[in-house]
Amino acid sequence: MLKADLKGHSGCKIQLHQREDGMLFVRKTSSDIAYNKRLEVQCKKQARYRHPRIKTPKVYGSGYDDQGLFYFDMEYVKGVALSQYIKTIEAYRMKDFISGLVTDLLSSDSVANNYANSIFQDKISDLSKRTSTLGIETIDEAVRMLAAYDWSAFDMANCHGDLTLENIIVKGDQIYLIDFLDSFYDSIYIDLGKLLQDVVALWSFRHDKVTSPNTLIRLKIFKDLLIDKISNDKEILLRVYHALLLHLVRIIPYAKEEFTRNYVVEKMALTINLINNAR
């Protein structure tokens, strides 16, 4: 039985259902047939994610509906998105929370990939072709910086793919990751870079007409604690900053609105400065 439509960001339909025995579950359905393959990958990614302390909603099953759209059913986790949780968590607890989160993410098992640099350079080359005609110096500088970087240390590991504050759910003392996304490369640095996209570039808050001072202060605390946690190792910090810069450049080909493009370019300039200062 359908109980409610839930909010999502991928264009997929997300609904809360209830079985005859009363158990609630979430069904995520592809937005169209062309998206089926991507959602299948995301389903498998979520199902195989393993971490001793970070959980994901259990995948119960999958299939195709009468319209040929792929769907999968998963555990319903009634928690609070981290974007909301940081507005209420006591300041003295935030340090331990963020330290634990980053430590857990960085502790994921990883495997070296001899082709990592080649894979990233192919992606950057494609981005260069798609952005060079814009004639925006900050974008060109970002692409040059990315092309000059050695991505060989980006080991493969469990990767969410879209680790925004809204995709991290806090339930009691437990952290859940939701809304996995297929990515061209799976690495923990990709995830940490995406997290910085929210707390450094404030991506999820870009359309807010007014962001409360309390939220901005807490986001700054979150950012400072996050960077402080990873800055003990300069190379890790540079990897995460370069991942952030790559995420920002990847937005540009899809940024049709002038507001969005200008916003991203501004955050690109900020990230370039962060990289130069960290060297």
Derivation of the salt bridge (Lys or Arg N to Asp or Glu O under 4.0 Å) call for E266 and R261: CA-CA 9 Å; E266 176 189 337; R261 182 179 295 176; over 6 Å; no

Under 3.5 Å donor-acceptor, K256 side chain and P253 backbone: yes

Shared hydrophobic cluster for I139 and L270 (ILVMFWY, side-chain gaps under 4.5 Å): yes

Centroid-centroid under 6.0 Å between Y189 and F154 rings: yes

Partner of L177 under side chain to side chain contact (heavy atoms under 4.5 Å, CB included), chosen from I169, D191, D162, I168: I168

Atom OH of Y115 with >12 non-hydrogen neighbours under 6.0 angstrom: no

Hydrophobic cluster identity match, V102 and Y176, side-chain contacts under 4.5 Å: no

Closest non-hydrogen atom pair, A278 against K234: O-CD, 3.0 Å

Where E75 and T56 come nearest, the two heavy atoms and their spacing: OE1-O, 4.1 Å

Heavy-atom pair of closest approach, residues L237 and S231: CD2-CB, 3.9 Å

Main-chain N/O of L82 paired with E166 side-chain donor or acceptor, under 3.5 Å: no

R27 to Y60 six-membered ring, cation-pi geometry met (6.0 Å, 45°): no

Plane angle bin for Y85 and F97 - parallel if under 30°, tilted between 30 and 60°, otherwise perpendicular: tilted

Where N36 and G68 come nearest, the two heavy atoms and their spacing: ND2-O, 2.8 Å

Under-4.0 Å salt bridge between K194 and D198: no

Neighbour count above 12 (heavy atom, 6.0 Å) for D21 CG: yes

Closest non-hydrogen atom pair between D155 and S152, with its separation: OD1-O, 4.4 Å

Flag, side chain of Q174 to backbone of R53, donor-acceptor distance under 3.5 Å: yes

Over 12 non-hydrogen atoms of neighbours within 6.0 angstrom of CD in E137: yes

Y71 ring center within less than 6.0 Å of Y64 ring center: no

Geometric class of the H242/Y149 ring pair [parallel <30°, tilted 30-60°, perpendicular >60°]: parallel

Donor-acceptor pair, side chain of Q46 and main chain of P57, under 3.5 angstrom: yes

S128 side-chain N/O to I124 backbone N/O, donor-acceptor pair under 3.5 Å: no

K45 to F180 six-membered ring, cation-pi geometry met (6.0 Å, 45°): no

Note: K220-D224 ion pair, threshold 4.0 Å (strictly below): yes

Closest heavy-atom pair and its distance - C159, Y185: SG-O, 4.3 Å

Pair D73 + K28, salt bridge at N-O below 4.0 Å: no

Ring-face cation contact, Y263 with K267, 6.0 Å cut, 45° max: yes

Over 12 non-hydrogen atoms of neighbours within 6.0 angstrom of OH in Y254: no

